[in-house]
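Only this structure's heavy atoms are used, side chains among them; waters, hydrogens and symmetry mates stay out. Letters A, B, ... are given to chains in the order of the sequence lines, protein chains preceding strands, and every chain is numbered from 1.
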Amino acid sequence: MEARARRRGVPLAWGRDGSALRGYAARMQIADRTIGYRRYSVAGRHIVDTWILAQFYDVAARDLPSYGLKDMARHFGVASSDRTYLPPEDIPRIFQEDPDRLMAYARDDVMETLALSAILSPAYFVQAQALPFDYQTTVLRGNATKVDALLLREYLHRGQAIPAPQSGVAVAGGYTAILQRGVARHVLHVDVASLYPSIMLTQGIFPRSDRLGVAASLLADLKTFRLSAKALAREAPDETRRALLGGLQQTFKILINSFYGYLAFSQGHWNDFEAANRVTAEGRQLVTALVERLEAAGATVIEVDTDGLYFVPPAPSGPSRGVASAADPQEEERLLAALASILPDGIQLELDGRYPAMFSYKMKNYVLLDARGKLVVKGSGLRSRGIELFQRQWMEEVFRLLLTGRRDEIPTLARRWEEDFRAHRVPVKQFMKTETFQDSLVAYQEKLKSGTRNPSAAYELALRSNRPYQPGDQVSFYVAGGGPRVNEAAKLAASWDPAAPDENTGYYIGKLRELYDKFRPLIERNGLVSVAEEEAAAPIQGELF
DNA sequence: GCTAGCTGATGCCCG
DNA sequence: AACGGGCATCAGCTAGCG
């Protein structure tokens, strides 16, 4: 709209005072990545971009197929079944020949955007009422900056000086371990509720420079507010009110969890790295104590990550020991009570889930089968967007067979996939890789020249395409020819022709085989194997089989 | 001259 | 401009081998 208006000489006087829209190139950090976008300001109004809200949402959820409007609308269930879809490349022609159809399409787009905004924006609108930021800024600022702003406001209000941020020292994180690999039956997941904030509150760990004790009272107040919002949401008489209160408590939860991160935030005026270290040390100690207590009770602990763990409860004594068994609910309750009893007052243990089966692969990488038969895949090695779709599908199918007791069907499945590749029955969408640019193309070329990074297929293709790619943009590609360097054989996915498929079949079949080999020992064992024993048997090798 | 194995960088994910 | 801990992949390098 900005470009069209400039071209036609139409002033976009959208300000409440009649002033014009202003826009400028900006970049922002969303979790691990930087995106380039155009930031706008209009006097007296707030521009909140649903595309950015989508990316913030996805930081935690990581379940969006893409950030495009159509995919988003379908994902959130707001796409109407009779909406108009038009192929983008035909839009100029349709505009000429059938403008009404184009307008219907545009109207559907606007309605979907509005519906997405109604889902994704209320949490920020609520925050804007609690923070010394306007609505638009509330969306764009990070959580630690928001905590800092709350402290700043209180100190200024009381006429007190603001300390300078301390320079950073290393902070150790949570305890993570994998004790068993392979297939487990009847798995429980317990976790400590709000581990770090609870430690801060119960142990009184707050920034040393916060002489007024603002952080401590803020955290306590936010926790109280959150719990009452949560209770009110449960009792809310109608859907609208429930959604509002639900958003409120979600927002508080995020802010509450940011207090720990704030301690180690290098730009925070009241940061305190030593305090951050005490919080994580206490967290490691609590979780380790849970592991020890469970093992003493005869449970098999599978994996541990920061504030929770997966385990198989002790089998009833007798000959069935070690065999999957239906749990005795009373015994289970006794075990959980015993577990909770070793935690200090104010630290709550929660039974977070119960799973008929689990496949434990590596730290932070596992698959759960829930009681409804749904498969939950966790970990970068198993569900990363950096893995081609066919690998993720292969894994999903294999893990489902493995966890539902049909592992004898796995070899047939693996063969079928190979045959599909050999017969070019697999479309490009399934074997292309999609990467998001972190650097600008210029920055990439500089790093290459100075030897600080290696060539990457995605950037090389973007450079060859002569299109203006920006950080945050994505490119999809596949491997066509042979050669020693895989990246040199890459081609844009858009250039793949189903009538003349030129993908490197050998390369992809090789990938299928590597995939199978990776999991084969665990599939064949069809049970748990202790990592300690594995390591004792093969102490030198990193790979265990 | 070849290769296994290591290293560093990148990208993505878990809590 | 929240934190640390992990895994997979790639290209380049190097020690060790024949």
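- Rounded to an integer number of Å, the gap from Q55(A) CD to dC12(B) P is 12 Å.
- A donor-acceptor pair is defined here as one N or O able to donate and one able to accept, closer than 3.5 Å; no such pair exists between the side chain of S360(A) and the backbone of G182(A).
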Please list each protein N or O that sits under 3.5 Å from an N or O in nucleotides 5-7 of chain C, with the distance.
{"residue": "dG5(C)", "atom": "OP1", "partner": "G173(A)", "partner atom": "N", "Å": "3.3"}
{"residue": "dG6(C)", "atom": "N2", "partner": "S380(A)", "partner atom": "OG", "Å": "2.9"}
{"residue": "dC7(C)", "atom": "O2", "partner": "S380(A)", "partner atom": "OG", "Å": "3.3"}

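- The residue Q29(A) sits apart from the nucleic acid: no heavy atom pair falls under 4.0 Å.
- Each ring pair (Phe, Tyr, Trp, His ring centres under 6.0 Å) pair with one or both residues in residues 191-212 of chain A, not counting sequence neighbours, appears once here: Y196(A)-Y260(A).
- Within 4.0 Å (heavy atoms only), F437(A) reaches no atom of the nucleic acid at all.
- Y260(A) has its OH atom 14 Å from the C1' atom of dC14(B), to the nearest Å.
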Output one line per pair: protein atom, nucleotide atom from nucleotides 6-9 of chain B, and distance, for all N/O pairs under 3.5 Å.
{"residue": "dG8(B)", "atom": "N2", "partner": "N454(A)", "partner atom": "ND2", "Å": "3.3"}

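- Contacts of A443(A) classified as side chain to side chain contact (heavy atoms under 4.5 Å, CB included), with partners at least two apart in sequence or in another chain: D439(A), S440(A).
- As rounded to whole Å, 7 Å separates atom P of dT10(B) from atom CG of D439(A).
- Residues meeting the ring pair (Phe, Tyr, Trp, His ring centres under 6.0 Å) test with F399(A), sequence neighbours left out: F359(A), F519(A).
- Side-chain N/O atoms of K433(A) include none lying less than 4.0 angstrom from OP1 or OP2 on dG11(B).
- In this structure, I256(A) places its CD1 atom 15 Å from C1' of dA2(C), rounding to the nearest Å.
- Looking at residues two or more places apart in sequence or on another chain, you find a side-chain hydrogen bond (donor to acceptor under 3.5 Å, both in side chains) between R278(A) and E274(A).
- Using a 4.0 Å heavy-atom cutoff across all strands shown, L140(A) reaches sugar-phosphate atoms only and no base atom.
- The stretch residues 375-393 of chain A participates, sequence neighbours left out, in these salt bridge (Lys or Arg N to Asp or Glu O under 4.0 Å) pairs: D58(A)-R385(A), E388(A)-K511(A).
- Remark: Q430(A) pairs with Q393(A) by the side-chain hydrogen bond (donor to acceptor under 3.5 Å, both in side chains) rule, at least two apart or across chains.
- Residues passing the side-chain hydrogen bond (donor to acceptor under 3.5 Å, both in side chains) test with H189(A) are D352(A), sequence neighbours excluded.
- Distance from the side chain of R383(A) is smallest for dC13(B) among the nucleotides dC13(B), dA8(C), dG11(B).
- Rounded to an integer number of Å, the gap from L382(A) CG to dC14(B) P is 9 Å.
- Taking atom CG of residue N277(A) and atom C1' of nucleotide dA2(C), one finds them 15 Å apart after rounding to whole Å.
- Residue contacts shown for F273(A) are absent, as no nucleic acid heavy atom lies under 4.0 Å away.
- Among the atoms of the strands shown, none is found under 4.0 Å from any heavy atom of T280(A).
- A cation-pi arrangement, defined by a distance under 6.0 Å to the six-membered ring centre and an angle within 45 degrees of its axis, is absent between R453(A) and Y444(A).
- Between R385(A) and dC13(B), a side-chain N or O to OP1/OP2 separation shorter than 4.0 Å is present.
- Remark: Y516(A) pairs with W394(A) by the ring pair (Phe, Tyr, Trp, His ring centres under 6.0 Å) rule, at least two apart or across chains.
- If you check every strand for non-hydrogen atoms under 4.0 Å, S384(A) touches sugar and phosphate atoms only.
- Taking every heavy atom of residues 189-217 of chain A and every atom of DNA chain C, no pair lies under 4.0 Å.
- With sequence neighbours excluded, the residues satisfying ring pair (Phe, Tyr, Trp, His ring centres under 6.0 Å) with Y508(A) are F390(A), F421(A), F431(A).
- Going from atom CG of L515(A) over to atom P of dA8(C) covers 11 Å, rounded to whole Å.
- Protein atom CE of M358(A) is 13 Å distant from nucleotide atom P of dC14(B), rounded to whole Å.
- Ring geometry for Y310(A) against Y355(A) counts as tilted: the plane angle lies between 30° and 60°, on a 0 to 90° scale.
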